Structures are given as C-alpha cells and as structure tokens.
Amino acid sequence: MDSKLNGKIIKGVGGFYTVLTDGGKRYTCKARGLFRKLGLTPIPGDNVVISVDKKGAGFILEILPRVNELIRPAVANVDVLLIVVSAQEPLPDLELVDKLLLFCRDQSIRPILVINKCDCGENDTAASIAYQYSGAQIKVLSVSAETGFGMDGLFDLLTGCTVCLAGQSAVGKSSIINKLLGLELTTGELSYKTERGRHTTRHAELIQTPSGGLIADTPGFSMLESIRLEPEEIPGLYPEFEKYKGQCRFMGCMHLSEPDCAVKDAVKDGSVNKERYARYVKTANEAIEARRHRYD
Ligand code: GDP
Ligand code: ZN
C-alpha cells in the first residue's frame, strides 16, 4: 500500500513539485490530473496530502484550503509579510507601506515593518517611521542587513513561519533574504540574486531557514494588484480608528469630510498620527474614485 503523508509544497517546476513533509523529508511529486480539470494549480506554500509508492514516487492527492494567496510571487498560506523600508536611500514610500498593511489585514497575514539600513543603530528616519506606526498594532523592527544589527530579533520572530518580503526596489530585500538564509553577501555565487538575474519570470521557491521557517526567495509588491477593497472596508482596517467606533455623528462615517467625526478630532489632538491619517484620506479617496470608474 502507498503511504499517505501531509506536507507543504516548497517548489514547483515543470509539473514537478517538491513537497516537504511534516516529518522533514522531501519528495518530488506529480499532481493529479484532476486539479487541472478543476482549474487548481498547486503553488509553493500549499498544504497537501501526498501518497508515496514503494519506489519513492510521490503524488499530490489533495490541496488543503488556502488561508491566503499571493499572486506575484505565487505563494499560499503566508504567515508573515516583511514590509521593508530603508532608513537611508531610497526615501521610504509610506503610502506603499500602508497599502501593504491593508493587504495583510485583508488577507490575514501578519505584517512586520522592517526598517533596514540602520547601520549605526536607529536614526531619525527610523524613529519617525516607528512613531508614525506606533498606533498601527504592528511590530516595527530596525535592522541592518549589512552589519547584522537587529537581525537576531528578526530571526526569532520568524521561527516556524512562512515568510514573504515586499517593498520598494533597493531597500535591501534581497540582502535580508540572504542574511536570513545564512548566505554571505560577499559570496556572490551563493546569493540567490545572482541566480535570479538569469531568469526574467521566476517561480518563487520557499527555502528553509536555519531557524525552522520558510522564506520565499522572490520578493515583490505586485501583490497589490490583487487587492480591491470597497471604500467602506478601509476604515475598519486601521487599528488606530478602532477605539472611536460608534463615536462619530454618522453611522458608517468614513472620517473624511463628515462633520462631528471622532477620528478627525483624534487627529487634531494628536491621538491619531496625522501623517498616517493623511495617507488614509488619500487611499480612501482613491478607492472611492476607483469604484466610481467601475460603474461609469
Ligand atoms: P532590493 O532591491 O530591495 O532587493 O535591495 P538589495 O538587497 O539589492 O539592496 C540594494 C542596495 O542596498 C545594495 O547595494 C545593498 O548592498 C544595499 N544594502 C542592503 N542592505 C543594506 C544595509 O543594511 N545597509 C546599507 N548601508 N546598505 C544596504
Ligand atoms: Zn468619523
């Protein structure tokens, strides 16, 4: 009899999937033809049930329901998204950060805001970013992929998690991935980036970290293309606004131009960070605009 095992897909190339079983073994598997008929493509991160025959050939029998799914890179069941910004060049794009946070909240992914390039400890930029997100109920971590500052703390947070990275170009995502994987930046041969350069479209692969987690080797932020939030959903995704629920004059207040708005009062007296609120206004208005276009 073939044995049945539970595991996770960590890689898929040309119809062959590498499955890491709960027992820590790897099997190369083919997928059942049935999945294709159902329009279901197995992707890294998928929790699966496989059967292994006497010769060691594996078959994916079942794909368990996905908790969430990133599109580019295609990764399922992501536990943590590291949203990376830089304390030096390039200047942080906090609008992008806020949108990635919305994406995380919508998809039940735990975000961690990583401020990289804190080579001499935290600087003013890092302090300002941390301040702006102090009410956002997220972990904010200052690190330097170059010196290793703060990287142990990051390691500890990722034990046992499936992790993806996102953020602007050149903030140091690849450097952080290399560091988390224990690859030395100087050994260009080993670093995943040199390998990536040769391919234009590359499938993500989940790589086991020394601390027992899995990290997607392909960062990106095109995942934002897949979120389309209705404007009314957005205020509820800002933890800063939670404690003012029910205190605005209007039910369903969007905290934009409505009178007697508890959130706007909180911005005025400094209880809600004004920069983050200003970006919220922009994001909410964009969503309202986008809906108008959809129905035009
Ligand atoms: P990515 O585009 O986000 O993947 O960024 P890279 O990892 O390619 O890094 C972009 C540039 O920033 C490279 O020249 C890195 O050497 C540099 N870099 C990465 N991390 C750090 C850091 O912690 N401190 C400093 N000073 N530079 C860094
Ligand atoms: Zn309001």
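If you're wondering where the values come from, they're calculated on a predicted model, not measured in any experiment. Remember, it's 1-based here, ligands and their atoms both numbered in the order they're listed.
Excluding waters, the protein N/O/S atoms found under 2.8 Å from the Zn ion (ligand 2) are C248 SG, C253 SG, H255 ND1, C261 SG.
Look at R291 and E230 and you find a salt bridge, because one of the NZ, NE, NH1 or NH2 atoms lies within 4.0 Å of a carboxylate O, short of that distance. For R66 and E69, the salt-bridge test passes: some basic side-chain N is under 4.0 Å from an acidic carboxylate O. The pair E286-K99 counts as a salt bridge, with a side-chain nitrogen and a carboxylate oxygen less than 4.0 angstrom apart.
For the residue pair Q88 / D119, a side-chain donor-acceptor distance below 3.5 Å is found, with atom types taken as modelled. For the residue pair R105 and Q137, no side-chain donor N or O sits within less than 3.5 Å of a side-chain acceptor on the partner.
Proximity annotation for atom 16 (O) of ligand 1: of E89, K173, Q88, E146, E146 comes nearest, heavy atoms only. In this comparison of A145, G167, A170, C118, the heavy atom closest to atom 10 (C) of ligand 1 sits on A170.
Among the atoms of S169, none of the N or O lies under 3.5 angstrom from an N or O of ligand 1.
Contacts of D260 classified as side chain to side chain contact (heavy atoms under 4.5 Å, CB included), with partners at least two apart in sequence or in another chain: R249.
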N/O donor-acceptor pairs under 3.5 Å from side chains in residues 149-162, not counting sequence neighbours:
residue, atom, partner, partner atom, Å
T159, OG1, D156, O, 3.4

Identify each donor-acceptor pair in which a side-chain atom of residues 23-31 lies under 3.5 Å from a protein atom, sequence neighbours left out, and give them as a table.
residue, atom, partner, partner atom, Å
R26, NH2, Q208, OE1, 2.8

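Contacts between N116 and ligand 1 below 4.0 angstrom, taking non-hydrogen atoms only, involve the side chain exclusively.
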